[in-house]
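Written out below as structure tokens is the structure these notes cover.
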Amino acid sequence: LVTIVLAIWWRQVIPALGVGVLIAGYMLAGWQGGWSDGWLLVTGVTTAVEKFLIGALADADHMKIVVFTLTIGGMVGIVAANGGTAAIVSKVARWASNRRRGQLATWFAGLLVFFNDYANAMIIGPSMRPVCDRLRISRAKLAYIVDSTAAPVASIAIIGTWIGTEVGYIDDGLKALAARPAFLTDVTAYGAFLSSIPYRFYPILALVFVMLVALFDRDFGPMLHHERSANAEADASELKAADKPAGKAWYAGVPVLVLV
């Protein structure tokens, strides 16, 4: 509760999570008798660090996500340094000549990076930001398009890290059945996943809605306020990189394929 309240109040997620973990450490230390021995100030911090921080990093699955995210961040940095991002932005900017086309281009680019939702957000966001800034599309709108495309497309793609994990869960469930019903006799985990795609209403409708919002350039609620107040003051270095590409588009494509 504290984390959620602070995240909304500060509009910063990481500091709110940090405070939440620290408070959890104090709560656990107090529950274990830290109040009585007078060392709660110390034990609260050590509990938060040793049990929650180090405990989370010691988990193999958590470390895989951390390493994978760092790898994606490194790839994004390489593509920005070799001029690939600037070259893609330059090509997209020729077609994305107005707000509608800019939003549609961002949505379509999000569909292409389907193999992982983290990679989608970290690649499409920085790549399309200069284009959206030029077209006076707010950062909030860019974030909405990227976020509402990344996870939905990753959840219905036929291949990807998300799908591999999900198929593993389905396979475990099938193996746990004492006796399979007749309709599951010849069904594989991957086959069950493919059969479920037409019933994944949220990701399908989310992708369609993003496309419709971009196509008709209609905004609602707080997003309308952000769009009206967008001033598109892009960072000077981004504008310079977009104006004078230092590389070629395939400089970005090769690192992404290597990552896949």
Side-chain angles (χ1 to χ4, degrees), residues 13 65 68-163 202-204 206-215 217 219 223 226-227 230 232 234-235 237-239 241-242 245 247-260:
V13 175
I65 295 175
F68 182 59
T69 305
L70 291 175
T71 304
I72 296 173
M75 188 211 65
V76 171
I78 290 174
V79 173
N82 68 19
T85 299
I88 290 178
V89 169
S90 178
K91 289 183 178 295
V92 172
R94 298 172 189 172
W95 182 82
S97 56
N98 54 45
R99 285 174 46 83
R100 180 177 287 105
R101 287 189 171 190
Q103 295 174 63
L104 286 173
T106 305
W107 172 76
F108 182 71
L111 297 181
L112 297 179
V113 185
F114 57 83
F115 54 88
N116 183 268
D117 54 331
Y118 296 128
N120 188 306
M122 294 180 70
I123 293 172
I124 302 304
S127 298
M128 295 303 299
R129 187 169 56 196
V131 175
C132 291
D133 284 345
R134 283 183 169 187
L135 299 174
R136 296 185 179 276
I137 299 171
S138 69
R139 296 287 178 85
K141 186 66 168 291
L142 172 62
Y144 159 70
I145 295 174
V146 171
D147 181 70
S148 293
T149 304
V153 74
S155 70
I156 60 176
I158 60 175
I159 189 172
T161 55
W162 187 323
I163 307 308
Y202 169 74
I204 294 173
L207 292 173
V208 172
F209 189 72
V210 173
M211 184 268 290
L212 292 176
V213 168
L215 185 62
D217 197 21
D219 298 292
M223 187 65 74
H226 284 288
E227 286 296 280
D235 184 78
S237 61
E238 292 176 335
L239 290 177
K248 299 179 180 179
W250 65 269
Y251 289 2
V254 171
V256 172
L257 290 177
V258 171
L259 179 66
V260 175

What pair of heavy atoms forms the shortest contact from [X] to [Y], and how long is it?
X	Y	answer
Pro152	Ala206	CG-CB, 4.0 Å
Arg100	Ala214	CG-O, 3.4 Å
Pro255	Trp250	CD-O, 4.3 Å

For atom CD1 of Ile158, is the number of surrounding heavy atoms from other residues, nucleotides or ligands below 6.0 Å larger than 12?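 No, CD1 of Ile158 has 12 or fewer neighbouring heavy atoms, counting only those of other groups under 6.0 Å.
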Go through the structure and list residues passing side-chain contact (heavy atoms from CB on, under 4.5 Å) with [X], not counting sequence neighbours.
X	value
Leu212	Val208, Phe216
Ala143	none
Ala121	Val146
Val13	Leu17

Among residues two or more places apart or on two chains, list those pairs meeting side-chain hydrogen bond (donor to acceptor under 3.5 Å, both in side chains) that have a residue in residues 110-126.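 For residues 110-126, and leaving out neighbouring residues, the side-chain hydrogen bond (donor to acceptor under 3.5 Å, both in side chains) pairs sorted by first residue read Asn116-Thr161.
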Given Val258 and Met75, is the side chain to side chain contact (heavy atoms under 4.5 Å, CB included) satisfied, shown in steps? CA-CA 10 Å; Val258 171; Met75 188 211 65; over 6 Å; no
Show me the donor-acceptor pairs, under 3.5 Å and distance only, between side chains in residues 106-114 and residues at least two apart or in other chains.
{"residue": "Thr106", "atom": "OG1", "partner": "Gly102", "partner atom": "O", "Å": "2.9"}
{"residue": "Trp107", "atom": "NE1", "partner": "Leu207", "partner atom": "O", "Å": "3.2"}

So do the side chains of Lys141 and Val213 get within less than 4.5 Å of each other, counting heavy atoms only?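 Sidechains of Val213 and Lys141: in contact.
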Taking the side chain as every heavy atom from C-beta outward, state whether Tyr251 and Ile78 have any atom pair closer than 4.5 Å.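 Tyr251 does not reach Ile78 side chain to side chain.
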Does Asp217 have any side chain to side chain donor-acceptor pair (under 3.5 Å) partners at least two apart in sequence or in another chain, and if so, which?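 With sequence neighbours excluded, Asp217 shows a side chain to side chain donor-acceptor pair (under 3.5 Å) to Arg99, Gln103, given in chain and number order.
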Sequence neighbours excluded, which residues qualify as side chain to side chain donor-acceptor pair (under 3.5 Å) partners of Ser148?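 With neighbours one apart ignored, the set is empty.
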